[in-house]
Amino acid sequence: MCGRFSLTRGDRDDLENAFRVRLPSGMAWRPRYNIAPTQEVLAVVEDERGRRIEPRRWGLIPSWASDPQIGNRLINARAETLFERPAFREAARRRRCLIVADGFYEWQRRPDGRKVPFYIRRRDGGLFGMAGIWEEWQSPEGPVRTCAIVTVEANDLLAPIHPRMPAILSPRRYDAWLDPRNARAADLVSLLLEPYPPEELECYPVSRSVNRAEYDGPECVRPLRPS
DNA sequence: CCAGACGTTGTT
DNA sequence: GTCTGG
DNA sequence: CCAGACGTTGTT
DNA sequence: GTCTGG
């Protein structure tokens, strides 16, 4: 699955080039090594007015939810059932997005029960878009925009670590995924299920500092042993 | 028709 | 064990 | 995802 | 929003 990720690099130009979008001039962010559920993430969204990058809270609250607490648990959505689940299908049809990242974490369970965190990133260190969906929930204080990250079966690189991974889209699939006029579930799911080329990624064990959601420093992504 | 419920993942 | 918060 | 909390009554 | 039950 995907319960933590990073956005450590990426200046304005990187983001604008990677996702072919213009950033609002006032938009600022700091390097994030340990992004956890309930925190703010950057989402590439698209509607009739065009493509934008906007913040979203990670943890999807369905529009009809009476209790927003539900969002603390809806952090991932399975690609295989995305268009069927009542909590997700409306967002899947009309509110797809890309979650901007440059790495993510998976925990490997060892035979003795210990869990070892691994960091996965592109070999070239570049940005990538994880498939996501988003929702808007009306709180008494105003609209709350939330999102979930779509997951798929692990590819060959990740399979030894964990059975699921985020759906990483190749850049040539970004347009089709984001296009709001595209609503054919079968086509969209097949985009998600295209395995991301394992040879473009690398994966190495990291220290347990990432376990603490409160810790957000470079220690999280440092290789435990040279990889 | 209206009222009322409705959630997910991954793990073992 | 289970739930909440980050 | 992981870490950390998790209780009640009655009284002031 | 959408589905189920009455």
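Keep in mind it's a predicted model, so treat the numbers as computed, not measured. In what follows, every chain begins at residue 1, and chains take the letters A, B, ... in the order their sequences are listed.
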Between [atom2] of [N] and [atom1] of [X], the distance in whole Å:
X	N	atom1	atom2	answer
A:Ile133	B:dT9	CD1	C1'	13 Å
A:Tyr33	D:dC1	OH	C1'	20 Å
A:Asn211	C:dG6	CG	P	18 Å
A:Tyr105	B:dG10	OH	C1'	21 Å
A:Arg164	B:dT12	CZ	P	15 Å
A:Ile149	B:dT8	CD1	P	17 Å
A:Ile120	D:dC1	CD1	C1'	12 Å
A:Ile99	D:dC1	CD1	C1'	16 Å

> Which distance, rounded to the nearest 0.5 Å, do you find between the CZ of A:Arg164 and the CZ of A:Arg78?
Replying inline: 4.0 Å
>> Classify A:Arg212 by what it touches in the nucleic acid, base, sugar-phosphate, or nothing, heavy-atom distance under 4.0 Å.
In response: sugar-phosphate
>> Just to be sure I understand the rule, does A:Pro117 reach a base, reach only the sugar-phosphate, or reach nothing, if contact means heavy atoms closer than 4.0 Å?
In response: nothing
Quote, to the nearest angstrom, the [atom1] distance that separates [N] from [M].
N	M	atom1	result
B:dG4	C:dG5	P	28 Å
C:dC3	B:dT9	C1'	15 Å
D:dG7	B:dC2	P	42 Å
B:dT8	C:dT2	C1'	16 Å

Could you check whether [Y] and [X], counting side-chain N and O atoms only, form a donor-acceptor pair closer than 3.5 Å?
X	Y	answer
A:Asn76	A:Thr151	no
A:Thr8	A:Ser6	no
A:Gln108	A:Arg114	no
A:Trp177	A:Asn182	no

> Strictly under 6.0 Å, is that where the ring centroids of A:Tyr174 and A:Phe19 end up?
Replying inline: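 For A:Tyr174 and A:Phe19, the ring centres are under 6.0 Å apart.
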>> Using modelled atom types and a 3.5 Å cut-off, is there a donor and acceptor pairing between side-chain atoms of A:Tyr33 and backbone atoms of A:Val210?
In response: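 No, A:Tyr33 side chain to A:Val210 backbone: no donor-acceptor pair under 3.5 Å.
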>> I'd like to know if the side chain of A:Asn34 and the backbone of A:Tyr215 have a donor-acceptor N/O pair within less than 3.5 Å.
In response: yes
> Are A:Arg20 and A:Asp175 within salt-bridge range, i.e. N to O under 4.0 Å?
Replying inline: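 A salt bridge is present here (some side-chain N lies under 4.0 Å from a carboxylate O).
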> With the threshold set at 4.0 Å, does a side-chain nitrogen-carboxylate oxygen contact exist between A:Arg22 and A:Glu16?
Replying inline: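 Yes, A:Arg22 and A:Glu16 are salt-bridged.
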> Do any side-chain nitrogens or oxygens of A:Arg109 fall under 4.0 Å of OP1 or OP2 in B:dT12?
Replying inline: yes
> In residues 62-89 of chain A, what residues come within less than 4.0 Å of DNA chain E, judged by heavy atoms?
Replying inline: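 Under 4.0 Å from DNA chain E: A:Trp64, A:Arg89.
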>> Wobble G-U and Watson-Crick pairs count when both distances are under 3.5 Å; given that, what is the 5' to 3' dot-bracket string of DNA chain E, with | for pairing to other strands?
In response: ||||||
